[in-house]
Amino acid sequence: MTPSRGQVHSPGEAVARIAYLSSDVVVAVQPSQATDSEFSSHLKRFQSRKAKSLVATADGAVPEIISVRHNADPLLSVFSPVRSGKLVAVTTPSSILLPAIFHLYKLANYPVVLHVSLQPANFPDFSVITAIRNSGWTFLQSQTLQEAQDMALTAHALALRSGKGVVHFFATGSSEGDGPIEAEDVNAVREILDLDTARRFQSSSDGATGIYADDGRRPVASDRSDLPPVVGRNGAPTPDLASSIHSKLESSRTSELSSQQSATESPPSVASAATTIETTVPVVTSEDILRYANGVWSHIKRLLGREYQAFYYAGPANAENAIFVFGSGASYFTKVIEEARRGGDFSKVGIVAARLYRPWLSSALIEAIPQSVKRIAVLEQIHRRTTKWGPVLLDVLTSIKSGFGGVQTVVGYQLGYVNAKNVTPSLRAVLQNLTSEKPVQNLEVGSKDVPAPVTDYGLEKPQVETAYTKILDQLFGQRAFVANALKSSHAGISSTVVASPEFGFGSLIARKERRARFVDEVKEAATSNQFITENPKSWLARWAANADDVTKAGEIADDVLTRLETDGSPLARNLLDNKRLFRKESLWLVGSDAWSYDLGNSGVHHVLASGENVNLLIIDSTPYSERAAADANRRKKDIGLYAMNFGNAYVASTAVYSSYTQVLQAMLEADKFDGPSVVLAYLPYFGEHDSPLTVLQETKKAVDVGYWPLYRWNPHNEAKGEPNFSLDSEHIKKELKDFLARDNQLTQLMKKDPAFASSLAQDFGTEVRAQQKRKAKDAYNQLLEGLLGAPLTILYASDNGNASTLAKRLANRGKARGLKSTVMSMEDYPLEDLPSEENIVFITSTAGQGEFPQDGHAFWEAIKDNTELDLATVRYSVFGLGDKHYWPRKEDRIYYNKPAKDLNRVLSNLGAQKLADIGLGDDQDPDGFQTGYQEWEPKIWQALGVDKVEGLPEEPPPLTNEDIKLASNYLRGTILEGLKDTSTGALSASDCQLTKFHGTYMQDDRDVRDERKAQGLEPAYSFMIRCRLAGGVATPQQWVQMDDISTSLGNETMKLTTRQTFQFHGVIKSKLKPAMQAINRSLMDTIAACGDVNRNVMCSSLPTQSKLQKQAWASAKRISDHLLPSTTAYHEIWLTDDDDKKIQVAGNAVQDFEPLYGPTYLPRKFKITIAIPPHNDTDVYAHDIGLIAIRGSDGELEGFNVLVGGGMGATHNNKKTYPQIGRHLGFCKADEVHTVCEKVMLVQRDHGDRKNRKHARLKYTVDDMGVDVFRGKVEELWGEKFGKQRPFEFASNIDTFGWLRDETGLNHFTVFVENGRVEDTATFQMKTGLREIAKVLKGEFRLTGNQHVIISNVADEDLDEIKGLLRKYKLDNVHFSGLRLSSSACVAFPTCGLAMAESERYLPVLIDKLEATLEEVGLRNDSIVMRMTGCPNGCARPWLAEVAFVGKAYGAYNMYLGGGYHGQRLGKLYRSSIKEDEILAIMRPLLKQYALEREEGERFGDFCIRKGVIQATKEGRDFHDNVAEEDEEDDEE
Ligand code: SF4
């Protein structure tokens, strides 16, 4: 089928339709993969409808559409298909043409069609066309919508007939006023294209595949009867056409001769201008092209009734003045002329334009212009003119010279912006000048006011791309000289040229030479007598002696400059004019990965070959996932390898979004290296507006799998006895490995760092998955040999372990019944084996929006549309696990157990027979999914005839956390053994439960999980380490030590947590122990930072009341120490000496004892906090124990009001779980508080639920028992009674930013650390800044419960220094919106294994989007507490926020409203599973309403309740009541 006939509205569409019908392959150039061009949306639409091409060789073949980004060297994708005999069209903006000249020459002799939409769309620059006019292509121009259709067709027909490339160009704006036209007549298109010629091209392939093969190709021309036959292919004529060759040879020689005779800029008449002409080979001449074109146009006239010539003329036959328009305004001019035909100023004026622009045929032009014409104006719309005379003016002049002789004057004009309004005055201006006595050349006509361009295709780079140049700036400051910085102004030179490597390299060399001359000038000056003072001379001499030493020259420079300034002589002033040259500059040239396609010709080669001491920074922006989809034939070469092979260069491969430190190191080394340096910088992006998050995720994938390894190579190192190569990431790709192996560097590297050995030895890119699957299956089969019963294969897809556990248990039970049961993950199963199964059972859980879990994706993709599998002999059943309440909206209910239902349907369609009906497990059933499962499983045994088997063995109950704790010997387990196992980056599952008690969790990087799976690798395991830091107070020295640990052992960042402590991420197993030891050396530890124990005890950080804070903090510390587990396992495992000998307290026979906890510790985690009114900055209501500090009448800390049973964790849709706020037990004295805490903990230890971890927190114990009973039990153990609760008042739970002074006269500055992440970026060196402050600070750091940090106890005399550093590192900026300052988010992706959605990385983005509204409604400075977490575990305490978002699925959140401003009231569910657009659609009007209708001092949470937007939650047990969006019961299933 073909695109159905209808109306066409734009030239983009008209062209796309013709290109689609006339090609095997269309290369669609787009602004980005995510943004369509004016052509590509249509192309994709046709393709999705499976519309066919007219030229397709196979029946039903649909053209291939290759989408390529405009800045990814699109023409590269043409070579491979065109060389294998495919008809290729390219739809593109004009911006790609100049950088692609090299390809254009090579492609000129293939029948490729380039449809070019001139840019910028509103006022295009035609110089792009004139610049490439001599590349050997044929050029056609269209002006109207109808012409776009007809010239597109002409272009394809002409390409086929001539065997040569055709560029069809047009300015979209020219046809703006055109009404819609009728879609092309497919039969006419078929006839005009001439399918026989197409077939002849398609049946040939020249065998070359690369882009560098064969430059001497000759076009293959048509033998169609309406045209003179011309043939030639790779120098060899085809036999059936041989007879025609002789005559062509003659014609070709003649035209060569005539072309040589025309002494102008116009191209040689032989169209194959770019190559050497071999006299024995026939060529296609300009005259041939014209004949072919006329032939095509005669067909168009006959079939479609429209007439075309090479040059277009509109106007009277007796015109005296002709206006040749080469620009987008031709149609406006024509209209005016036509309207004025009957008289007036313009009655004797005609308009001329080129339809066939190249080859330029003088005879055709002369034929088109009436002989009466005396004057010709040539209007060129050329934005950047490089020569005095415009190229079209020269063409016209040349033609006129050889013409009829009537023309006396030819005048060139610069054509500005013309539209319907200014066309008449413009035309008048043209004529006035043209007819004047002395016409002015190059007069500008039209408007200079051009509407702002819509620059889809400019040189504009995404914001993130500036990252590397900012680093250059940061490192070298004024010393950095970037030769081709995109934004620098180079008068009169186009931005494309300025950005070119040649230009940049040239200016670097010039710069070097300039400095060398300057050094000579200085030397001379040092002995001159022209200074007024004597001082400068000796300094200049010293400087000249050190001019090449970066540091010394820089140091002396300051002195020299002062001396010169004081001197004031003309010579001194002269030298001062070149101030910058006193410093040795760091010379940089910035390039793109486009250079990697043709290294030999690129800037890289120039630099390497020159041996000059210049630095190249090459930014590669191809996303890892896009490279997989990219054309496999694009031979992008490895610049790093090329440069290393060259031998004389420093080479580094870096990625700022992977390791910032490594980028710094590489740039510094490159700067120091005496010789050429190449720094490759990865910055993948899809579109210009990509968020840094996308860039980060793409970078991680690429680095992690070795596609973009991080390394540094210094060929001078060998002389110093150091290895040349340093690997800074874990994996490398094969090519690099081969290079290193050849160079013996790999062996050195493995020796130096044995930890890398195993990963280095792995080959990436080799597809081992298939073999692995096969092996696993065969191994199972062997195992089953011995069994007799019927075979049963069980496949599972599981995302949280339930499906795999069920599957494995089913298999065991099957075996016990004598079945040959096999169990494996769906992803490990070779699908081709399916038809040979007898009995197969699938168990799958439900992920995301009704999708298969990750390990079932591939299987589902392979089977869902499969029509070839014959499962007639297979018996099957499916069991699904899902949650009916997961999707609250009715329309989303279809997702419930969707994978299981889909699979059931597909298997049945493939002919499989049912073993038993599908079984569905629902989390909402009384026993969860077990309810459904228990009904389903017996049906399987029944169907297999094994339901009546007797004497089945008893199954062991599943291992619980309680079992693991009990069996661990006081938290030892097999952690030590696991740490020594280098075959995996992981620890065993049960050890992972235990390491939590030691303060570390195993995690895996979820950004790269899928990619690693695809590569057959285990997940990227690493560990999170959390310190214990009671009250969040750290010394400056500890801060520096923490900073060191994060840089050398972690992922270069620190997280300040909501429990006021340091957390490190990305610590790999081999670095775990060194990290623990380093933490220990800093006098901190990690014991009990996680696990079922009392966690880090918090305390208000309170900068204004230091005395009270100190006392409260002492209580926190005491509680923390008092409740610390006693096991010595921590020391034993982590703090061993270098020989790995255990430091044991009492020899190996020591038996631990936990006086407070006992061998099974607590049922669940346990959290204690202290808040000091009026600041509830530690959210006192959210913890198992909340202590409200009470000040006595003497102003000292008297004691605490004790709250119990607060807690944040909940499970979505499980109403048995809920967040809760603490309830009052009463008052206790300060010196007894640790005992009270102990007793509360003991009651929980003995009464907490140890069976159900979802019901094990203290909040449920208190609720189940009642507060009074609970209090009684505590008092019983304590032996005392609580006092009466004391009055107190809270004002807020957020931090107060900026400087504050306390009652003792010390100063405190609260720094805003967004979501607690301390890191350096190219624009903000927060980590370095805080480190610098730590180096000089005499006070302390207080970490706040809101994840910020206070630089505390600064004496007045130290204020200036600290303020200076804060300013220097921009840390003094606290002028953020009130919403941002009051926000907080948990870590979530990529490290938290429980995260369902982004949090820390996303909340700032969401706030960005809300800030405009805040600004607009006047709420910019109002504090609204907004929190976000990636799952309902609630680490950032979202339930107490005034507005909260809790992750439900990737990109979807539950929204809560109505929390109390100072953390006293829980919020309530407002909407479920909403995405960003819905969030914004709710928040924006709500904020507006709040701004307009709030009462004096009313907080946002209170407002939402007063206005009835949400009902108030009084305490945890009514959290699920009266929600705004009730979870409807599903009445369908
Ligand atoms: S709230 Fe959930 S997603 Fe966020 S860090 Fe805690 S467990 Fe992870």
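Each ligand, and each atom within it, is numbered from 1 in the order the structure gives. Note that this is a predicted model, so its numbers are computed, not measured.
From the protein, the heavy atom lying nearest to atom 2 (Fe) of ligand 1 is C1431 SG, 2.3 Å. Scanning the protein for heavy atoms near atom 4 (Fe) of ligand 1, the closest one is C1386 SG, 2.2 Å. Nearest protein heavy-atom neighbour of atom 1 (S) of ligand 1: C1435 N, 3.3 Å.
Not one N/O/S atom of C1392, from backbone or side chain, sits under 2.8 Å from atom 2 (Fe) of ligand 1.
Taking a cut-off of under 4.0 Å to the non-hydrogen atoms of A1395, the atoms of ligand 1 that pass are 3 (S). Proximity to G1434 (heavy-atom distance under 4.0 Å) selects the following atoms of ligand 1: 1 (S). Those atoms of ligand 1 with a heavy atom of G1430 less than 4.0 angstrom away are 3 (S), 4 (Fe).
Under a 3.5 Å cut-off, the side chain of N1454 and the backbone N or O of V1446 do not form any donor-acceptor pair. Put simply, the side chain of K1216 never gets that close to the backbone of T1211: no donor and acceptor are under 3.5 Å apart.
Using cut-offs of 30° and 60° for the angle between ring planes, the F1519 and W1439 rings count as perpendicular. Aromatic ring orientation, W1039 versus F1341: parallel (interplanar angle below 30°, classes split at 30° and 60°). Classification of the F1312-F1376 ring pair by plane angle, with boundaries at 30° and 60°, yields tilted.
In this structure, the side chains of I1221 and R1465 stay at 4.5 Å or more apart for every pair of heavy atoms.
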